[in-house]
Structures are given as structure tokens and as C-alpha cells.
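Take a look at the structure below.
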Amino acid sequence: MALRLSTVVLGVCPRHSSKPRLKLRFRIRSGCCATVTNMAFTETPSASKVIDSHLHVWASPQEAGRFPYFPGQEPTLQGNADFFLQCMEEAGVDGALIVQPINHKFDHSYVTSVLKKYPTKFVGCCLANPADDGTGLKQFEDLVLKDGYRAVRFNPYLWPTGEKACNRFLSHMTNKVGKAIFQRAGELNVAVGFLCMKGLGLYISEIEQLCTEFPSTVVLLDHLAFCKPPTNDEEALVFSQLLNLSRFPQVHVKFSAFFRVSRGQFPYLDLSVLLSQVVSHFGANRVMWGSDFPYVVAECGYKGAKEAVHHIANEISLPLSDLEWIMGKTATQLFQNQLTPLKN
């Protein structure tokens, strides 16, 4: 079976009034610094900065004595900060949002040390601890107020599981702990990122509920919410659910980890139609490029992850102004705007 794609002009995009809004039809046919105030990307007036909105760093084997790995999560790839800085320089990337890796789980000491060493280059995204005793909320507050983290990741696979659906247990990110952290994030001007590795469809209702109850909390959907170019009606429906999340002004999309969501190889041109639709619905100022370093290094190289965006953008004749938002202005604005004094 093959997927037939067609586009229909629906009207005017609310974010860019001069642009027609498109809808995709899918048819199946046979055949830190320790203070928050200096944890931000500083804009340069001459040119837009390139910001990587999604990557991980973890201790090298030599550093693991000071920064131990979580048992059973010892990395097999090089992912230390010095290696990433080298890759950034070679690729011409100016700053990044570092997401706490599962390799250190809830021990944020390594990432915190990197944030403190490079306070104007990196921003931190901590990992939410959904422990039933509520200690995760206190840890989250400390990481934000004391160590300057500006985002928090909700990994549903760390949450207690509940009812079974489609032979999979669903998480409870909308439980008491989840709601408390999500609400507090909004109060602290901290973004919440969602990891939907097993599919957005499993978590769409929870994300919609949290966005509805706490509209001031900024949301980041990692890796296109793991939506691949649809090949059947079910996948098309899930992608439409992603686009429908644009009705929540707080929701942003990471156009990241192409090797995870593309069905092809570099330069991942099958993602061009998805990017066109995401930009049409959300606006480029709610879309951010991310590499998913260090995993991307073995796929197309770090520099290749950046170059792929330009190839994909060329496929759909994306305006340069939109590309500038995706490559850095969205992340810069999102975190720059959060540079306000935080209070307990």
C-alpha cells in the first residue's frame, strides 16, 4: 500500500497572517550558572544564533568516579561535554538546551556542572521524578531555583503504570505528582517537555488535560512527538492529533532527532511535508530544531543534523525568516523571555 498526500488551502495561518494555512489529506491506495538570571542565550544583533534545542551529555568514563552512572544505564557512546563542544564548533552551533540523560537518571550533578561552567552557552532541562512520596517536586524546585534549570522533562515511562490499553500500560502523568510539577513549572516560567517514544496516541489525552488545566505552562513536544510520515489511517490520525495541539498557544514542537522519525536516510527529505504542516499550524515561532546528540553522531554526524534542516526546508521552499526561527530564534526567545526573578 502507498500513501497519497495532497494539500488543501484552508485559510489564513493565525501565526503568519500573510500565509495560507494548509491541511494535509492522507489517502491509502493500493499499489547554570547557579543563578537563573544568567542562564540564557544572549542574542547577537548581527545574526541569529543557531540553538540546538535537544541533546544529552553524560560523564566520560574518566569522569564517572565523580559523576556515577545509574546502575544498568552505563553509556556505550561518547557523550561528554567536551566532545559536544567540539561538535558544536565544527557545525557552527552557538548554544543548546541540555536534556538530563537517563544514564544519570535523577542525579543531575554532571549536567549542573556543565551549566555552571558555560552559563551563557547552555540551558538545562531536568528530569521529573514522579516518586509517590512527592520528593520529586522538591527536587524540581531546587534544580530550578538553585541550579537554574529552565525546563523539565516528563518521561511517561518513569511514571507508575495504570490501566492497560492496546496491550500497553498507560502512565499517569496526570496524577497528583504530575499535576503538581506541571503546575509549578508554569508558576516558575519553566517549560515541560514530553517524551512520547511509544507514540503520541498513548499520551494525547494526558497532554491535553494538563494543557487545559494549566494554560500558563509552556510545553515542548520532543522529536515531532515521534510522529513519522504516515503510511496508514491510524498514523495519519495521530499526526492530525499533533497538529490539533496547536490550538493550545503554550505548545511548541521540537523538529529534532530526524533519524528517529524519518523513514529514510540523510537528508531525511520525507520529513519535509510534516515540517510544512507543523509550521502551517503552529507557526515557525513555535518550532525548534534539535539534534539528539550524541545518538545522531553515528547516524549522519552532528554537522549533518544541522545541514539536514536546510535540505528539508529547501524541499518546501520554507521562507528564510521561518528557518531562522526554527534554527534558533524560537529557543532564544523562549528562554530569553523567562529571565525573570523567580520566587518561592
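Values in this document were obtained by computation on a predicted structure and should not be read as measured data. This chain uses plain numbering: 1 for the first residue, then up along the sequence.
Side-chain contact between V278 and L243 is present, with at least one heavy-atom pair separated by less than 4.5 Å. Contact check for T174 versus L210: side-chain heavy atoms found under the 4.5 Å cut-off. Counting only heavy atoms from C-beta outward, the side chains of L55 and P294 never approach each other to under 4.5 Å. Residues F84 and Q78 are not in side-chain contact: their nearest non-hydrogen atoms beyond the backbone lie 4.5 Å or more apart. With contacts defined as side-chain heavy-atom distances shorter than 4.5 Å, the pair L221/I207 qualifies. The side-chain heavy atoms of F266 and F258, taken from C-beta on, include no pair separated by under 4.5 Å. Taking the side chain as every heavy atom from C-beta outward, F182 and E213 never approach each other to under 4.5 Å. Contact annotation: the side chain of V218 approaches that of H252 to within less than 4.5 Å [non-hydrogen atoms, C-beta and beyond].
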Exercise. Are E187 and R184 close enough, and set up right, to give a salt bridge (Lys or Arg N to Asp or Glu O under 4.0 Å), and what steps lead you there?
Worked result: CA-CA 5 Å; E187 295 169 351; R184 188 65 174 132; 3.1 Å; yes
Problem set entry | side-chain contact (heavy atoms from CB on, under 4.5 Å) between V219 and F248, worked out | CA-CA 9 Å; V219 168; F248 296 105; over 6 Å; no
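Between the side chain of N314 and the main chain of H310, a donor-acceptor pair closer than 3.5 Å is present. The backbone N or O of V93 lies less than 3.5 Å from no partner atom in the side chain of K306, so there is not a single donor-acceptor pair. Between the side chain of E206 and the main chain of M173, a donor-acceptor pair closer than 3.5 Å is present. Listed for the E90 side chain is no donor-acceptor partner under 3.5 Å among the backbone atoms of K303. Without hydrogens or angle criteria, S109 side chain to F67 main chain gives no donor-acceptor distance under 3.5 Å. With hydrogens and angles ignored, the 3.5 Å screen pairs a side-chain donor or acceptor of D52 with a backbone N or O of S291. At least one donor-acceptor pair closer than 3.5 Å links the side chain of Q250 to the backbone N or O of C211. With hydrogens and angles ignored, the 3.5 Å screen pairs a side-chain donor or acceptor of N103 with a backbone N or O of Q73. Checked by atom type and distance alone, the side chain of R286 pairs as donor or acceptor with a backbone atom of V251 at under 3.5 Å. Remark: the backbone N or O of V273 is not paired with any side-chain donor or acceptor of S276 at under 3.5 angstrom.
Among N80, L77, I102, the single residue meeting the side-chain contact (heavy atoms from CB on, under 4.5 Å) criterion with W58 is L77. No option in L220, I326, T332 other than L220 meets the side-chain contact (heavy atoms from CB on, under 4.5 Å) test with M288.
V99 and L188 end up in different hydrophobic clusters when Ile, Leu, Val, Met, Phe, Trp and Tyr side chains are linked at under 4.5 Å.
The aromatic rings of W289 and Y302 are tilted relative to each other, their planes meeting at an angle between 30° and 60°. Between Y295 and H56, the angle of the ring planes goes over 60°, which puts this pair in the perpendicular group of the 30/60° scheme. Ring pair Y149/H108 is perpendicular by interplanar angle, where above 60° counts as perpendicular and below 30° as parallel.
Annotation for H281 and S246: closest pair O-CB, 3.6 Å, computed over non-hydrogen atoms. The shortest non-hydrogen separation linking L242 to L224 is CD2-O, 3.5 Å. Contact detail for Y157 and C196: the closest heavy-atom pair is OH-C, 3.5 Å. In terms of heavy-atom proximity, V57 sits nearest to V111 at O-CG2, 4.0 Å. Residue G178 comes nearest to W159 through the heavy atom pair CA-CZ2, 3.7 Å, listed as atom of the first residue, atom of the second, then distance. Among all heavy-atom pairs drawn from M88 and G95, the shortest one is CE-N, 3.6 Å.
Among residues at least two apart or in separate chains, ring pair (Phe, Tyr, Trp, His ring centres under 6.0 Å) pairs with a member in residues 85-106 are Y69-H104, H104-Y110. Listed by first and then second residue, the salt bridge (Lys or Arg N to Asp or Glu O under 4.0 Å) pairs that reach into residues 242-263 are E208-R247, D222-K254, E235-R263, R260-D292, sequence neighbours excluded.
A side-chain N or O of E63 and one of S60 form a donor-acceptor pair less than 3.5 Å apart. A donor and an acceptor atom, one from each side chain of S262 and D270, are located under 3.5 Å apart.
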